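Everything on this sheet refers to the single structure shown next.
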Amino acid sequence: MISVSLDSPVPLHDQLVAELRRLIAAGRLAKGDELPPVRQLAGDLGIHLNTVARAYRDLADAGLLASSRGRGTVVIANVARPNGRPAEERQRIEAALAAALTEAKLAGLPEAETRALLERWIAELWDPEREVPSRTPPAP
Amino acid sequence: MNDPFLAISRLAVLVLVPAVLLVPLLLGLLARTRVGSESERFAVRARASALVLATLAALAVWLGSLLTGMLGPRIPALEWVAQLSWLLFFPLWFGFALPLLQAKDPELGPGRSAPGGTLRSASLSPRHREAPIPPGHWVAGLLVAALFTAAIAARGLWGPFADDGERGRWLVLLGFQVATVALAAALVPFAVRRGLSEPEPLDAAGSAELGELYHSHRHARARGTFWVFLVALPSAVGVLATLAAWSGPGIGAPLGPAALLAPLLAVFAGAWFGISTTARRYRIHELRARLEGRSVGGADAG
């Protein structure tokens, strides 16, 4: 299942991309899984066709999805055997983490709460079978 | 001489036809009103009045043609009108009853599947890959249609036609049957597939109960579409065309009632399909409203 919020300041397209990336990273969408057609997902969520189409296209450009006639849109990313280069990505990821934690500090979020948020997301992505408390839709 | 088939035919016209014509009125008036504003209630009253007047007009057509065609001066053309007046069910249902139902509950109108809340959820299963109709059923349905077509075509091999008019009628019937089967074979798979992709907005928590209700609804609708539009209606046309192709002096009496009952049964099947589909949609909308904690407006009967 996928969820988006119309009240969120994050654009719907960004929410969709972030949600699908999260599901793929958590292994809930495995390599070979077929996603619903653009028309079906857009109709179910009550959003524009182009929003869903653009999200699928962006994820295909990122190497996570592939679309073809007859087969539809399928997940091609293999979380069990990622093709990425974590060592080279480490600097970029550390910078993104630092920026997010800086925002939390500036917003006055207590350390314990910040730590709990981090641990919850780590659990959700690395151990998706564990029950985690409900959360707000993620930022891109 | 008593003709039992004629009695069956008359009974059908006297009882079944008015019953069919009253179904849209009963369903329209008995449905609950779920709107609250004065303008919406005014629209409901206006559409209800239109449905009542249209039903009275349809019943007047039936009764008038019945009295003059069958019981009065016996005008054959009016007798046909009385027998075929059940066809008025379709304009009554689609032209008057459905708009009334949609006025009473706007969620049944265009955009009826639009999600209600600001937190939207959806399943990630590609529904168009589902196969609610087994392959064997498709083959069986097309086989039945092919058999009727063969039965009509066989008339051309049976013996000489009485005249060019009879041959022309046979060709028209054969062409009509072939066209009906071809259209059904081309459109029904497409309609089934499109129906599987109809929007199914979930509640924010993605309730399993709602998901299961959607599942049973779309499969029932797919099966109904198949049985009504690929089997029942082409078979009704096949029965009519076969009987007309083979009818002649001495075999007209029993064929008349059969030619009335076959399409009548097909219409009942179609009506049941439409009404049960609408009823399932009602249950889905009620469940969604309950899960989303939404108000459903002033709930008055009628």
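Note on naming: letters A, B, ... go to the chains in the order of the sequence lines (proteins, then strands), and numbering restarts at 1 for each one. Nothing here was measured: the structure is a model prediction, and the numbers come from that model.
- For the side-chain hydrogen bond (donor to acceptor under 3.5 Å, both in side chains) condition, the pairs that include at least one residue of residues 100-114 of chain A, sequence neighbours left out, are A:E111-A:R115.
- Inspection of non-hydrogen atoms places B:L124, B:S125, B:P126, B:R127, B:H128, B:R129 of residues 124-133 of chain B under 4.5 Å from chain A.
- Shortest non-hydrogen contact noted between A:D44 and B:E200 is OD1-N, 2.6 Å.
- Taking CG from A:L45 and OG from B:S121, the interatomic distance works out to 7.5 Å, rounded to the nearest 0.5 Å.
- No more than 12 heavy atoms of other residues, nucleotides or ligands sit less than 6.0 Å from atom CZ of A:R39.
- Note that CG of A:L6 and CZ of B:R120 are 4.5 Å apart. Values are rounded to the nearest 0.5 Å.
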